[in-house]
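One structure is given below, encoded as structure tokens.
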Amino acid sequence: MREYKPQEIEIRWQKKWDEENAFEPKEDYTLPKKYILSMFPYPSGRIHMGHVRNYSIGDAIARYYRQKGLNVLHPIGWDSFGMPAENAAIKHGVHPKKWTYENIDYMRKELKRLGLSFSKTREFATSDPEYTRWEQEFIIKMYENGLLERRTQKVNWCETCHTVLANEQVIEGCCWRCDNPIEIKELPGWYIKITKYAEELLRDIDEKLKGNWPDKVLTMQKNWIGKSSGLKFKFNLSDESREKLKNAFDGYEVFTTRPDTIYGVTYSALAPEHPIVDFMLENKLFDKETEERVRKIRSILPKERQAMEKEGVYLGIDVVHPLTKEKIPVWLANFVLMDYGTGAVMAVPAHDERDFEFAKKYNLPIKWVIKPENGEIDETKAYTGDGILINSGEFTGMKNTEAKKAIIKKFEEQGIGKEEINYRLRDWGISRQRYWGAPLPFIKCPKCGIVPEKIENLPVTLPDDVEITGSGNPLESHPTWKHTKCPKCGSDAERETDTMDTFVQSSWYQFRFTTDFHKYPDVPFRKEDEKYWMPVDQYIGGIEHAILHLLYARFFTKALRDLGYASVDEPFKKLLTQGMVLKDGSKMSKSKGNVVDPDEIVAKYGADTARLFILFAAPPEQELEWSDSGVEGAYRFLNRLYQNASKCYKTDKKPEIDVSKLNKAEKEARRKVYETLKRSKDTYEKTFAFNTLIASAMEALNALNKIDNKDVYTEGYWVLMNVLEPIIPHITSEISEELFERNNFGEIEVDEEALKKDEINYPVQVNGKKRAEISVAADASKDEILESAKRAVSKYIEGKEIVKEIVVPGRIVNIVVKG
RNA sequence: GCCCGGGUGGCGGAAUUGGUAGACGCAAGGGACUUAAAAUCCCUCGGGCGCUUUGCCCGUGCCGGUUCGAGUCCGGCCCCGGGCACCA
């Protein structure tokens, strides 16, 4: 008996695939294609089980289509800019570039050892200058087309670290690294106007992605974009208030989704950062106490106000209700956001929970204008449901859903307001005060202002001789890098020292893979390649990217389309979100000490075992609980598969079977084999339920081991090796090469005859309870089945009246009796 | 608070979409082989009753409903996981 030595087998095949360039996409674009993409990794140093899972799923799908003769693009790259490289530089003094590219070299070997069928020619790292070059061109084109702008906005600033912090990096008002209190600073930064595409991003969720992406992800994106429609109108200041404000303002606009409650307005509220508040502070229009309270609320970050109790202060000014002409007091409120809508709201405490809470706290009047169709108003809380308008002038008695439209119409007719749509989606701030990123290709000229770098001068590359200390942007402090000449007027100018958010790189990498870019260095990707390969047919990755990456990549695709680079509206036709890999119920992490190292598993059992286990243990979308003994089980199965191959004979074509000579067990084994084959198509193309496909293959092998028929056994192997090759490519290649010269790889037709049963087992129920089981000929008539069934359950139906007889062909018999 | 998922043996998970609940694997127990162990192979494996077989009762988070028949559909509730969270 020969021994299963996965290390020898696997390394031999990996070498062979490498030499044969077995996984390169073909240039014949008349072939049907599949573009299979797993999210590319960040080169952190070593692969983890999440990677193994991600790439095992993608590889199985890619190998399946390749085996069936399709032209398959299955690339890998490296998302290689980012903070960890700089942190490593600070901690260990190693240059980010060296650290990054050494990690890539190591991880490339790890992935290769898993037998993943990635194209070699398409591999790149996003930190490669050739990649940056094109990204900078896109960014310049976006700038020229109004999709990118530099503007000054309030940001979180840490003085000791000399950098802007993301909201996520501010912990209780302090810097996450040095613990110093952060400041709010107005800083210039670069913003991509993703909001211009809000409507299309939303629309294509329903029109292009529904049914192909998980509903969960689509819902999350919808909520994130957050479309709402309502009425925008202007509150005019009262005469006294306008005077008080020195005629600098005559009013301000508000947005509401509830115009139907307009008669219930009892006050209005401004965001703490509202221009009117700014003006009043600057012109000292508050009394001392009010000013103090205003300043106090303004000193708290908007993000942190959300966790606080509602707070506000009357500003001493009033506006006029647009319909009733009543005087409405204007408050400052800490729950009003400056960057949504107009930064000011009308407040209807009777029908809005926040307004109600605020009104109760400050004893503001509450006016009920909608009553439920059935039942009475409960005055202890806001009523936010539908109902009939009361106290609403000419609209009284109307259903509120209709009143919404009618009131908007009235505002539009009088020219005092109009219907408006608002989105929660914000523009995408891509500036990072970091070294290890793609430089923003702009020059600040004292004469010309912002000037894009000339296209022929791209890429703007990073200087290698930098000192990374963790405080401040090394590009800013570099002695020479930022000093340059203005591309327009030639005078002394400075480069932009901000680099781009790494999400910019991962937003268009799927396009770059479509071209053999070593061959075609003059384009980011060739149009004919992009047309043929895009969109990605199947994208696979973690749900944690449901919003950020997947939304940015969708946006980028649309932007590149409109800039003339791309031909598709959506980058990823189908999306599979894989679940996390857990150990002892929680995510594997160094701090918990529950990490299982893929290298160790591969060293002990081989790549096929790792792949088999990870695809067998749970369906791909679900979380996967790591189990050492489960891995052993997978390894045992592969051993059996390998040993039992000796029960087959060598042949270069599938054995012909004389079905008439087979016994029951042999037919049963053939049926299970072909059931597995039949199931495999659905699994690889639609459901990705690899766990049940593997279970089915195990059942088939178990059934084969019960028979003693070399033809059937060999046929079984011929089919099973074909079905399992995408999952466990090494062992199946080895066996198939030895027995079948690998002629079994490719399309095998399902033998429908083999799937048929001679006899069918029917459970027989009496009044819905199973009482017996019968076996009848597959072609038995309904009456024959019933007759046999009644005989089997005679003791339950004797002397009773039969009310109903149900025979579901191929399924079940149920006899309903009375008495 | 709102919006999605999900609750099935000791465990991971199946169940052809309303038709034999627990496939497949793991763990556990028993047996064979062996001087012994490992490996391998065979048997048992939801709970209870009867236990020699046939068999009977209960069982898919809880309560109710629809149906000849419900893990699956409907109504109400209880847990668990995730996302969003003052968006006017």
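Numbered from 1 within each chain, the chains take letters A, B, ... in sequence-line order.
Residues from residues 209-225 of chain A with heavy atoms under 4.0 angstrom of RNA chain B, sorted by number: A/Lys216, A/Thr219, A/Met220.
One interatomic measurement links the two molecules: CG of A/Asp352 to C1' of B/G1, which rounds to 13 Å at whole-angstrom precision.
At a threshold of 4.0 angstrom between heavy atoms, the contacts of A/Val336 include nucleobase atoms, whether or not backbone atoms are also involved. Contact annotation for A/Val345: base contact, defined as any heavy-atom pair under 4.0 Å involving a base atom. When heavy atoms are screened at a 4.0 angstrom cut-off, A/Lys310 is found touching base atoms of the nucleic acid. A/Arg640 comes within 4.0 angstrom of sugar-phosphate atoms only, judged by non-hydrogen atoms across all strands, and of no base. No contact: A/Gly341 has no heavy atom under 4.0 Å from any strand. Among the atoms of the strands shown, base atoms are found under 4.0 Å from some heavy atom of A/Met308.
Side-chain to base pairing of A/Arg354 with B/C87: no donor and acceptor N or O lie closer than 3.5 Å to each other.
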TODO: Starting at the 5' end of nucleotides 11-21 of chain B, put B wherever the base has a protein heavy atom under 4.0 Å, S where only the sugar-phosphate does, and a dash everywhere else.
DONE: -SSS-B--BB-
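Counting only heavy atoms from C-beta outward, the side chains of A/Phe616 and A/Met698 approach each other to under 4.5 Å.
One finds a side-chain N or O of A/Arg636 lying less than 4.0 angstrom from the OP1 or OP2 phosphate oxygen of B/C26. Here A/Ser228 reaches the OP1 or OP2 of B/A88: one of its side-chain N or O atoms lies under 4.0 Å away.
Here the rule is ring-ring contact (aromatic ring centres under 6.0 Å, His included) with A/Phe613, and of A/Tyr605, A/Tyr635, A/Trp626 only A/Trp626 fits it. For the side chain to side chain contact (heavy atoms under 4.5 Å, CB included) with A/Ile815, the qualifying choice from A/Ile806, A/Val793, A/Val803 is A/Val793, the only one to do so.
A salt bridge between A/Lys770 and A/Glu773 is present, with a side-chain N of the basic residue lying under 4.0 Å from a carboxylate O of the acidic one.
A donor-acceptor pair is defined here as one N or O able to donate and one able to accept, closer than 3.5 Å; such a pair exists between the side chain of A/Thr342 and the backbone of A/Glu253. Judged by distance alone, with hydrogens and angles left aside, the side-chain atoms of A/Tyr762 form no donor-acceptor pair with the main-chain N or O of A/Leu786 at under 3.5 Å.
Comparing atom distances between the A/Ser627 side chain and each of B/C26, B/A23, B/G25 picks out B/C26 as nearest. The side chain of A/Lys769 sits closest to B/C58 out of B/C58, B/C41, B/A88.
The distance between the ring centers of A/Phe358 and A/Phe335 falls below 6.0 angstrom. When ring centroids are compared, A/His549 and A/Phe503 stay outside the 6.0 Å threshold. Separation of the A/Trp428 and A/Tyr552 ring centroids falls under the 6.0 Å cut-off.
When the P atom is used for both B/G9 and B/G22, the distance is 14 Å, rounded to whole Å. The separation of B/C58 from B/G50, taken at their C1' atoms, amounts to 15 Å, rounded to a whole angstrom. One P atom belongs to B/G65, the other to B/A14, and the distance between them is 31 Å to the nearest Å.
For the residue pair A/Lys647/A/Asn705, the side-chain donor-acceptor check at 3.5 Å is satisfied.
By the rule that a glycosidic angle within 90° of 0 means syn, B/G9 counts as syn.
Pair assignment for B/C2: B/G83, on the basis of Watson-Crick or G-U wobble contacts that are both within less than 3.5 Å. Base pairing annotation: B/U40 forms a Watson-Crick or G-U wobble pair with B/A32, both donor-acceptor distances under 3.5 Å.
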